[in-house]
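For the single chain, residues carry numbers from 1 onward in sequence order.
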Amino acid sequence: LNDKILQQRVSLDNPDIIAEVKYCLQEEFVVTLGDFLQRRTGIGSGEGKGLDCVKKVALVFKDHFGWSEIQMKKAIEEYKKEVKELYTLR
């Protein structure tokens with residue numbers, strides 16, 4: 001990923017940038033979208049719960065892990081399920 005991409009904000013609602021995603025993957029051994037969006041940043045607990053930027057984050061994960069398109073889509077669906085479970089009243 002080039003410097004211009006790394007400086008982009010992950011979400012318009014949060015100050016976090018793509019470089020933070022890459023850092024967490026390399027240095028903090030994040031392996032799921034939920035781990036990054038819900039636990040490493042405030043994105044997952046914010047207004048959009050990270051749903052507005054999950055694909056952007058997933059693309060960085062895809063590049064890092066060498067995921068296929070199918071693996072990336074599965075990870076996105078798993079994150080959406082996690083959000084639904086976390087924020088649905090029972």
Side-chain angles (χ1 to χ4, degrees):
L1 299 170
N2 66 41
D3 287 344
K4 187 174 181 179
I5 291 172
L6 292 172
Q7 293 173 12
Q8 290 179 2
R9 288 175 59 179
V10 174
S11 168
L12 295 178
D13 296 329
N14 293 295
D16 304 279
I17 59 174
I18 296 295
E20 291 175 73
V21 181
K22 193 152 180 81
Y23 176 85
C24 285
L25 288 166
Q26 293 174 338
E27 303 298 327
E28 297 183 9
F29 308 107
V30 169
V31 294
T32 68
L33 297 172
D35 190 13
F36 177 76
L37 292 166
Q38 293 289 335
R39 290 172 281 289
R40 307 298 170 133
T41 68
I43 296 171
S45 60
E47 183 75 26
K49 307 293 184 243
L51 297 173
D52 61 323
C53 62
V54 67
K55 184 170 183 182
K56 186 185 285 189
V57 173
L59 286 168
V60 181
F61 274 62
K62 181 180 186 258
D63 180 64
H64 179 79
F65 291 117
W67 285 351
S68 67
E69 201 64 32
I70 291 170
Q71 289 171 303
M72 184 181 79
K73 288 179 181 179
K74 182 179 179 204
I76 291 170
E77 289 308 312
E78 287 172 0
Y79 179 71
K80 289 178 180 179
K81 181 180 176 188
E82 181 179 339
V83 168
K84 185 175 181 180
E85 289 173 1
L86 283 170
Y87 297 102
T88 299
L89 296 176
R90 297 172 195 194

With a cut-off of 3.5 Å and sequence neighbours excluded, list every side-chain donor-acceptor pair involving residues 5-14.
| from | atom 1 | to | atom 2 | distance (Å) |
| --- | --- | --- | --- | --- |
| Arg9 | NE | Asn14 | O | 3.0 |
| Arg9 | NH2 | Leu12 | O | 2.6 |
| Arg9 | NH2 | Asn14 | O | 3.1 |
| Ser11 | OG | Asp13 | N | 3.1 |
| Ser11 | OG | Asp52 | OD2 | 2.8 |

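- Among residues at least two apart or in separate chains, side-chain hydrogen bond (donor to acceptor under 3.5 Å, both in side chains) pairs with a member in residues 75-86 are Gln38-Tyr79, Arg39-Glu82.
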All N/O donor-acceptor pairs, side-chain side in residues 15-29, below 3.5 Å, sequence neighbours left out:
| from | atom 1 | to | atom 2 | distance (Å) |
| --- | --- | --- | --- | --- |
| Glu20 | OE2 | Ile17 | N | 2.8 |
| Glu28 | OE1 | Arg40 | NH1 | 2.8 |

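- Looking at residues two or more places apart in sequence or on another chain, you find a side-chain hydrogen bond (donor to acceptor under 3.5 Å, both in side chains) between Ser68 and Gln71.
- Scanning both residues, Cys53 and Leu37, for their nearest heavy atoms gives SG-CD2, 4.2 Å.
- Counting only heavy atoms from C-beta outward, the side chains of Phe61 and Thr32 never approach each other to under 4.5 Å.
- Tyr87 and Ile76 fall within a single hydrophobic cluster, where Ile, Leu, Val, Met, Phe, Trp and Tyr are joined by side-chain heavy atoms under 4.5 Å apart, directly or via other members.
- The two atoms that bring Met72 and Trp67 nearest to each other are CA-CE3, 3.7 Å, heavy atoms only.
- What you find for Phe36 and Val57 is that their closest heavy atoms are CD2-CG1, 4.0 Å.
- Among residues two or more places apart in sequence or in another chain, the salt bridge (Lys or Arg N to Asp or Glu O under 4.0 Å) test is passed with Lys62 by Glu69.
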